[in-house]
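Since the model is a prediction, treat every value here as computed from it, not as a measurement. Order of the sequence lines sets the chain letters (A, B, ...), proteins ahead of strands, with each chain counted from 1. Any value given below was found using the heavy atoms of this structure, including those in side chains, with hydrogens, waters and symmetry copies removed.
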Amino acid sequence: MQHPVQALAPVAAQVLNTLYGLALSPAEVALQETRKEFAGDFTLVVFPYTRLSKLAPEATGAQIGAAILETAPALVRGFNVVKGFLNLELADQAWLSAFAEASRAGRFGAGPAKGQRVMVEYSSPNTNKPLHLGHMRNIFLGSALSNLLELSGFDVVRANLVNDRGIHICKSMVAYARLGQGETPASSGLKGDHLVGKYYVAYDKAYKTELAELKAQGKTDEEAEANSTWAQAARQSLELWEAGDPDTVALWKQMNGWVYEGFEATYKRMGTRFDKFYYESDTYLLGKDIVEEGLAKGVFYQKEDKSVWIDLTAEGLDHKLVLRGNGTSVYITQDLGTADLKAKEYALDRSVYVVGNEQDYHFAVLFAILKRLGRPYAKGLFHLSYGMVDLPSGKMKSREGTVVDADDLMEETVQEARNRTAELGKIAEMSAQEAEALYEMLGLGALKYFLLKVEPKKRMTFNPAESIDLQGNTATAIQYSHARICSVLRKAAAEGLEADAAPANYTLHPDERALIAHLATLPEVVERAAAEMAPSPLAAFSYDASRAFNKFFTSCSILSADSVEQKRFRLALCDLTARCLRTAMAVLGVAMPERM
RNA sequence: GCACUCGUAGCUCAAUUGGAUAGAGCAUCUGACUACGGAUCAGAAGGUUUGGGGUUCGACUCCCUACGAGUGCACCA
């Protein structure tokens with residue numbers, strides 16, 4: 001797709017060269033969209049050139065504008081200068097041919113294949129409790145980023161590193177062994193992850209009660225901790241697991257199996273999937289060979305107690321332990337090993353970790369170590385860090401029962417969509433099954449959009465009551481525009497009217513022009529968002545596109561347009577709008593209904 | 001204490017990466033051809049971009065500083 005600015009930039013570059021002897025590449029010419037309160041399509045800021053022109057900003061703008069108009073009269077139909085801003089107005093034909101080309105494109109907005117592979121690791125849950133709102137931000141982000149990178153032309157591997165071992169799992173196991181009485185998901189009617197979570201909570205409660213009793217008997221905090229039968233049992237369970245004790249391993253497998261069934265259902269409803277699962281039970285011993293290698297290379301150093309460290313003060317970081325004195329791993333040891341494993345298995349050019357910002361320092365250290373070790377893939381590492389999700393009441397705390405459960409929230413939001421749709425009563429002819437599918441699209445769409453429209457690194461507030469609001473800057477509003485377009489296209493088809501994206505001679509209405517100009521930015525939006533690893537621009541694009549369409553829709557009649565040619569052109573515009581909306585929203589994982 | 005992140009309308013968020021008069025939605029107020037779908041559109045009101053300095057033709061954006069919020073500084077994961 002040839003965006004008009006791609007034709008305009010070389011012209012501007014050439015003009016600047018002729019006038020001032022500047023050798024700029026077209027990409028270096030900063031053309032931006034003209035603000036809507038001024039006339040024009042693209043604006044060149046001329047301040048940087050006043051020194052060369054030796055003229056006032058206005059005169060410089062006029063000089064450049066006149067030269068551009070002379071060089072490319074078919075592309076530019078006029079210009080105006082306000083202070084140091086040169087506003088260029090494109091000829092209708094420039095927009096029309098861009099539009100015709102976009103309409104012909106197979107997947108308008110998609111980038112060419114890059115021949116590069118990227119892994120996106122996200123979700124990465126613990127297997128001791130169900131997923132909550134914080135995980136949802138992670139999963140929607142990771143999923144959207146994967147879609148985005150794919151659209152922009154990367155070969156994407158979606159990976160999930162499951163934290164399936166450790167003391168937290170053992171706590172659930174101990175509580176289940178003591179209190180469970182053979183309960184199963186089937187016998188309890190609970191989803192597997194919720195059942196296991198129930199015992200994790202039970203452990204915490206029993207442990208706290210016991211601590212309080214011990215302290216009441218006059219024990220200090222440390223003594224109480226050491227004498228707690230619950231804590232002892234959990235530690236013992238972990239040792240037995242590490243030793244491969246058959247009963248412990250069997251219980252572990254059983255309970256993790258329940259959790260995976262539960263997660264599977266949650267992932268499915270969220271609309272995400274993974275190409276590769278890594279399990280910490282397989283990877284937690286990796287990385288020791290890298291410690292050896294680092295020592296041999298002199299990247300690491302050893303203290304007298306045999307512990308192994310790296311000095312990262314040159315990078316503005318600190319000294320970091322990579323192996324304990326007793327030869328056992330720390331967290332970063334296995335992360336080093338897993339990074340090598342991933343790169344080896346998939347020949348990765350880039351590797352993204354979607355992890356909360358409390359681990360910013362950890363990833364800075366991890367990446368710095370891999371660079372020092374000279375790993376060729378190290379330059380492609382990226383930590384997509386995101387902020388915590390707060391509730392209006394403050395922080396989510398699992399211990400205080402203020403977490404928002406993912407399954408509950410999805411159900412609630414879908415219910416809200418159900419109620420709202422019933423209120424409006426527009427889908428009488430739908431089958432029950434179609435209606436249910438619609439409620440899922442609306443409910444899940446609202447949730448995903450709400451969590452993804454915000455810049456990841458910002459901490460955000462989630463108001464359960466407001467987020468499922470279905471008006472304003474929401475997925476629902478965008479879905480509504482799409483449904484309206486589909487309705488028009490259905491009517492046109494029934495009348496036998498066909499779209500035509502390339503009318504011979506056509507004068508654009510300002511709202512048509514504005515809509516085309518906005519749609520034309522999609523490839524650039526995709527490219528930039530992918531480069532920045534940020535899905536949120538796709539949300540902004542979609543919302544703006546739907547608004548531009550709504551404006552066009554109220555000011556321009558489609559099926560009762562003046563001429564057949566105009567009807568057919570506007571149908572083509574409707575069609576491209578719908579396609580752009582589907583493409584952009586698909587990145588966010590939001591499906592677009594044909595009726596609602 | 002040290003380091004990192006954030007601070008924009010009453011609320012939730014934007015701002016083309018240093019460009020024009022800082023934009024949307026919600027909430028409030030006022031309008032819209034009996035409408036190709038009103039889950040919409042048009043308009044009003046709401047701002048010293050946390051405060052104070054600095055750099056620049058030009059600052060929400062960069063630098064310094066104060067304040068506020070959060071996170072990290074484990075031989076935990």
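At least one side-chain nitrogen or oxygen of A:Tyr480 sits closer than 4.0 Å to the OP1 or OP2 atom of B:A39. For the pair A:Lys453 and B:A14, the criterion of a side-chain N or O lying under 4.0 Å from OP1 or OP2 is not met. Phosphate contact (OP1/OP2 of B:C6, side-chain N/O of A:Arg459, threshold under 4.0 Å): absent. Distances shown here put every side-chain N or O of A:Lys83 at or beyond 4.0 Å from the OP1 or OP2 atom of B:G58. In this model, the phosphate group of B:C41 is approached by a side-chain N or O of A:Asn550 to a distance below 4.0 Å at OP1 or OP2. Put simply, A:Lys458 has a side-chain N or O that comes within less than 4.0 Å of OP1 or OP2 on B:A14. The side chain of A:Lys36 contributes an N or O atom lying less than 4.0 Å from OP1 or OP2 of B:A24.
The neighbour count for A:Glu315 CD, taken as heavy atoms of other residues, nucleotides or ligands under 6.0 Å away, is above 12. The environment of A:Glu28 atom CD is dense: over 12 non-hydrogen atoms of other residues, nucleotides or ligands sit within 6.0 angstrom.
Annotation: B:C11 and B:U28 have their C1' atoms spaced 13 Å apart (nearest Å). Rounded to a whole angstrom, the distance from the P atom of B:A15 to that of B:C62 is 13 Å. Comparing the same atom, P, in B:A27 and in B:C41 gives a spacing of 14 Å after rounding to whole Å. Nucleotides B:G53 and B:G19 place their C1' atoms 23 Å apart, quoted to the nearest Å.
Donor-acceptor pairing under 3.5 Å, judged by distance alone, is present between the side chain of A:Thr43 and the base of B:A20. Applying the 3.5 Å distance criterion, the base of B:A20 shares a donor-acceptor pair with the side chain of A:Asn87. Counting atom types as modelled, A:Glu532 pairs a side-chain N or O with a base atom of B:U17 as donor and acceptor under 3.5 Å.
A:Glu423 and A:Asn419 form no side-chain donor-acceptor contact under 3.5 Å, judged by distance and modelled atom types alone. Judged purely by distance below 3.5 Å, without hydrogens or angles, the side chains of A:Arg235 and A:Gln232 never pair a donor atom with an acceptor atom.
Heavy atoms of A:Glu455 sit under 4.0 angstrom from primed sugar atoms or phosphate atoms, though from no base atom. Counting any heavy atom pair closer than 4.0 Å across all strands shown, A:Thr421 reaches a base atom. Using a 4.0 Å heavy-atom criterion, one finds that A:Glu280 contacts the sugar-phosphate atoms exclusively.
Distance CZ (A:Phe541) to C1' (B:A24): 17 Å, rounded to an integer number of Å. Summarising the geometry, the separation between NZ on A:Lys426 and P on B:U40 is reported as 9 Å, rounded to the nearest angstrom. We find that CZ of A:Phe450 is positioned 10 Å from P of B:U12, with the value rounded to whole Å.
Nucleotides of RNA chain B nearest to A:His168 and A:Arg35 differ in position, and the one nearer the 5' end is that of A:Arg35.
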Worked verdict on A:Glu512 versus A:Arg570 for salt bridge (Lys or Arg N to Asp or Glu O under 4.0 Å): CA-CA 8 Å; A:Glu512 290 176 314; A:Arg570 288 180 174 171; 2.8 Å; yes

